[in-house]
Every structure is written in structure tokens, then in C-alpha cells.
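The shown structure was predicted, so the numbers you read here are calculated from the model rather than taken from an experiment.
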Amino acid sequence: MSYWDQVAEAAAFLRSRMGAFKPHVGIVLGSGLGAVARAVTEAIEIPYSEIPHFPQSTVEGHSGRMVIGRLGSAPVILLQGRVHFYEGYYPSEVTFPMRVLGVLGVRAVILTNAAGGIQEGYRVGQLVVIADHINHMGWNPLAGPNEPRFATRPGTGLRFTDMTEAYSKRLREMAQRAAQDEGFTMDEGVYLAVSGPSFETPAEIRAFRALGATLVGMSTVPETIVARHMGIEVLGISCVTNLAAGLGEARLSHEEVFEAGRQVERKLARLLERLTLWIATMVEAEL
Ligand code: HPA
């Protein structure tokens, strides 16, 4: 069975579970950031294990289920838990869920993640809007034959995907307004993706800072690339769960990352509740 057919089969299965419900906004929740899923009403929960061909998360803190319902009053599809390259998955598997969202008709995604803070002054627990990224994973999920059927509108699904405004300016502005309404502000940063699973060395962090990165993490970039290939608008929000290697006192651990995520997840949930309705209203007006 071709990759396209697998994605189409997963999408058909989900459509059969959703009935007439048709969300145009997708949200991916990072490590320890699951609170948003609990704010979803009229929720249909589907474990990844029930969805045909869907990859299963092996990491603690990534529960591995889809939650379809309303956030605020906006229809959404949430991916609670993602799979990573460091778990041994192929790039095509890492981005499989994003492909499914595209085929289901999602027009904008909010990608959240836990990240190490590289920029001086970043504090644990702060939310940073991703303005741009640096792909340092050593691979690109679009390598291999191009599949034009993934296009969601004309001029997308191309062999060569433009990444000039990978992270939508208008969504970033909307996110800033939503944060303001919630009583906080967010910096904008540059997210550098590594393949992991080892954390970085202090020398690597110094090098990444010199390259212009302010955040480092092990996800999001493949999803963004694939979303842009399909013509899906992307908003990225990082939660600084730790200071990057060599910048803080402590050694880095998954527990620390996970705990810091837990402490900010409610703030993120409130932000996304407000923001998702705005985004949904905007993209639906443009259909
Ligand atoms: N490095 C890479 N990935 C991460 C980190 C980090 O310091 N924190 C959370 N995800």
C-alpha cells in the first residue's frame, strides 16, 4: 500500500468517526502540555492505536491519542502526543499525523513543544512564539518522491516548498494579541531542531547561539515543513522547559522538561482556548 493510500485510509477512518464535524484547525501538544486536551468539550477521543497506520508514541508524557471536539467554541483536532525521529521512526512516520490532518481539511495548525532556552534572559516556564526555524536534524521529511495529492490548494504540494514565512505572520500577531488579553507577553524566537535523543553539549549550544537560534528542541520542524508543503498555515509555540546545556546549573533530564511543561500547561491552555476560535473563524471565512 502506498504512503498516500495509508494516509487516505487513516483520514477515512477518522471521517467516519467525526460525522458532519469538520475542524479546520489542528493542535499538536508537546511534552507535558496536555492540559489543553482537557479543555475540549464534546470530545471524541481516539487512541492512536485505533487509527490505521498511525505511529505509536513510546515516550513518557506523550499519551498518544487524538481528541476531536470544541475548544472555546471552535471545532478542533488535537494530537496529544507525537512521535519523534529519535524513537526510531522514519521521517515519513514522524510526519504521518500532519499528513492526515491535511487530508482531513485542516487549514491551520498550532504546534507546541518543550524546548531548551538558548537566549540569555529566557526563563523556565515562559512561552515563546516561533518566528523561524533552523533545521539541524540532518534530514528533510520531503525527501523522496513528491506527492502532489497532498496539496490543500493550488500552488502547494510542490517539489520545492517555499519556507520564507514558514511560521505565519498573521497567526503570530494573533497569538500575541491573545497573550495580551491573558495578561502576559511572549518573545519571538528561532527554534533549532536536533534529532536527539541526547541533549546538546555546551559547545553545541554555543554554536547554535552563534547560528542565531534562541530555542532548541527535537520536534516541530518536520511537521512545519510538511504542513507548508500541503499549504497549511503554521503557528509554533515553545515552552522553555529548561535552560539549554551549559547555561543553567543543573544537568538536563526528561523529568525536568516534563515537570516544567506541567507547570505552564494551564497558561498555554487558556491562551489556546482564546486563540483557536480566532484562527478557526479566520480560516473558515477564507474557505
Ligand atoms: N534540548 C533539546 N530538546 C529539548 C530541550 C533541550 O534542552 N528541552 C526540551 N526539549
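Within a 6.0 Å sphere centred on CZ of R159, other residues, nucleotides and ligands contribute more than 12 heavy atoms. The neighbour count for H53 NE2, taken as heavy atoms of other residues, nucleotides or ligands under 6.0 Å away, is above 12. Counting heavy-atom neighbours within 6.0 Å of E286 CD, excluding the residue itself, gives a total above 12. In this structure, R266 places its CZ atom where only 12 or fewer heavy-atom neighbours from other residues, nucleotides or ligands lie under 6.0 Å away.
Residues M218 and V124 fall into different hydrophobic clusters, defined by Ile, Leu, Val, Met, Phe, Trp and Tyr side chains chained together at heavy-atom separations under 4.5 Å. Hydrophobic cluster membership is shared by F184 and L275, with clusters built from Ile, Leu, Val, Met, Phe, Trp and Tyr side chains linked at under 4.5 angstrom. Under a hydrophobic clustering in which Ile, Leu, Val, Met, Phe, Trp and Tyr are joined whenever their side-chain heavy atoms come within less than 4.5 Å, directly or via other members, L277 and I27 fall into different clusters. Cluster annotation: L158 and W4 are assigned to distinct hydrophobic clusters (Ile/Leu/Val/Met/Phe/Trp/Tyr, side-chain heavy-atom contacts under 4.5 Å, transitive). In the hydrophobic clustering of ILVMFWY residues, with side-chain heavy atoms under 4.5 Å counting as a link, M230 and M163 come out together.
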Trace of the side chain to side chain contact (heavy atoms under 4.5 Å, CB included) decision for Q56 with V83: CA-CA 7 Å; Q56 308 294 306; V83 303; 5.8 Å; no
Salt bridge (Lys or Arg N to Asp or Glu O under 4.0 Å) evaluation trace for R99 with E147: CA-CA 11 Å; R99 292 301 197 186; E147 177 49 86; over 6 Å; no
Y191 and N113: CA distance, side-chain angles, deciding distance, side chain to side chain contact (heavy atoms under 4.5 Å, CB included) verdict: CA-CA 10 Å; Y191 179 95; N113 61 53; 3.4 Å; yes
Salt bridge (Lys or Arg N to Asp or Glu O under 4.0 Å) evaluation trace for R38 with E265: CA-CA 11 Å; R38 295 194 286 278; E265 62 176 351; 3.4 Å; yes
Check against side chain to side chain contact (heavy atoms under 4.5 Å, CB included), M66 and I77: CA-CA 7 Å; M66 200 174 261; I77 304 185; 3.7 Å; yes
Residues I44, F21; criterion side chain to side chain contact (heavy atoms under 4.5 Å, CB included); working and verdict: CA-CA 11 Å; I44 307 171; F21 200 68; 5.8 Å; no
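Salt bridge D181/R274: present, at least one basic N to carboxylate O contact under 4.0 Å. Ion pair E182/K267 not flagged as a salt bridge, since none of the NZ, NE, NH1 or NH2 atoms sits closer than 4.0 Å to an Asp/Glu carboxylate oxygen. The pair R82-E223 meets the salt-bridge criterion, with a side-chain N (NZ, NE, NH1 or NH2) lying under 4.0 Å from an Asp/Glu carboxylate O. By the 4.0 Å N-to-carboxylate-O rule, E173 lies close enough to K169 to be salt-bridged with it. At a threshold of 4.0 Å, the pair R107-E233 does not count as salt-bridged, since none of the basic side-chain nitrogens sits closer than that to a carboxylate oxygen.
Taking all atoms of both residues into account, the shortest heavy-atom contact from A114 to L33 is N-CD1, 4.4 Å. Residues P47 and R65 share a closest heavy-atom pair of CA-CB, 3.9 Å. Between L79 and P97, the closest heavy-atom pair is CD1-CB, 3.8 Å. Scanning both residues, A227 and V109, for their nearest heavy atoms gives CB-CG2, 4.4 Å. When every heavy atom of P141 is checked against every heavy atom of P91, the shortest pair comes out as CA-CB, 4.2 Å.
Residues M137 and P222 are in side-chain contact: their nearest non-hydrogen atoms beyond the backbone lie under 4.5 Å apart. Counting only heavy atoms from C-beta outward, the side chains of L111 and T224 approach each other to under 4.5 Å.
Distance check: Y122 OH to L215 CG gives 4.5 Å after rounding to the nearest 0.5 Å. Atom CD of residue E45 and atom CD1 of residue I68 lie 10.5 Å apart, to the nearest 0.5 angstrom.
Contacts of F96 classified as ring pair (Phe, Tyr, Trp, His ring centres under 6.0 Å), with partners at least two apart in sequence or in another chain: Y3, F54. Shown here are the ring pair (Phe, Tyr, Trp, His ring centres under 6.0 Å) partners of F85, two or more places apart in sequence or in another chain: W139.
Remark: side-chain polar atoms of S2 are paired, donor with acceptor, to backbone N or O of D5 under 3.5 angstrom. In this structure, T276 contributes its side chain and E273 its backbone to no donor-acceptor pair below 3.5 Å. A donor-acceptor pair under 3.5 Å is formed between the side chain of T112 and the backbone N or O of V28. Side-chain N or O atoms of Y167 include none that pairs as donor or acceptor with a backbone N or O of H133 at under 3.5 Å. For R228 (side chain) and I232 (main-chain N/O), a donor-acceptor pair under 3.5 Å exists by modelled atom type. Side-chain N or O atoms of Q176 include one that pairs as donor or acceptor with a backbone N or O of M186 at under 3.5 Å. Side-chain N or O atoms of Q126 include one that pairs as donor or acceptor with a backbone N or O of R123 at under 3.5 Å. Remark: the backbone N or O of T201 is paired with a side-chain donor or acceptor of E204 at under 3.5 angstrom.
Here the options are N146, T95, D162, the test is side-chain hydrogen bond (donor to acceptor under 3.5 Å, both in side chains), and the partner is H229; only N146 passes.
Q119 and T214 are not linked by any side-chain donor-acceptor pair at a separation below 3.5 angstrom, with hydrogens and angles left out of the test.
No close placement of the Y89 and H84 rings is indicated, their centers lying 6.0 Å or farther apart.
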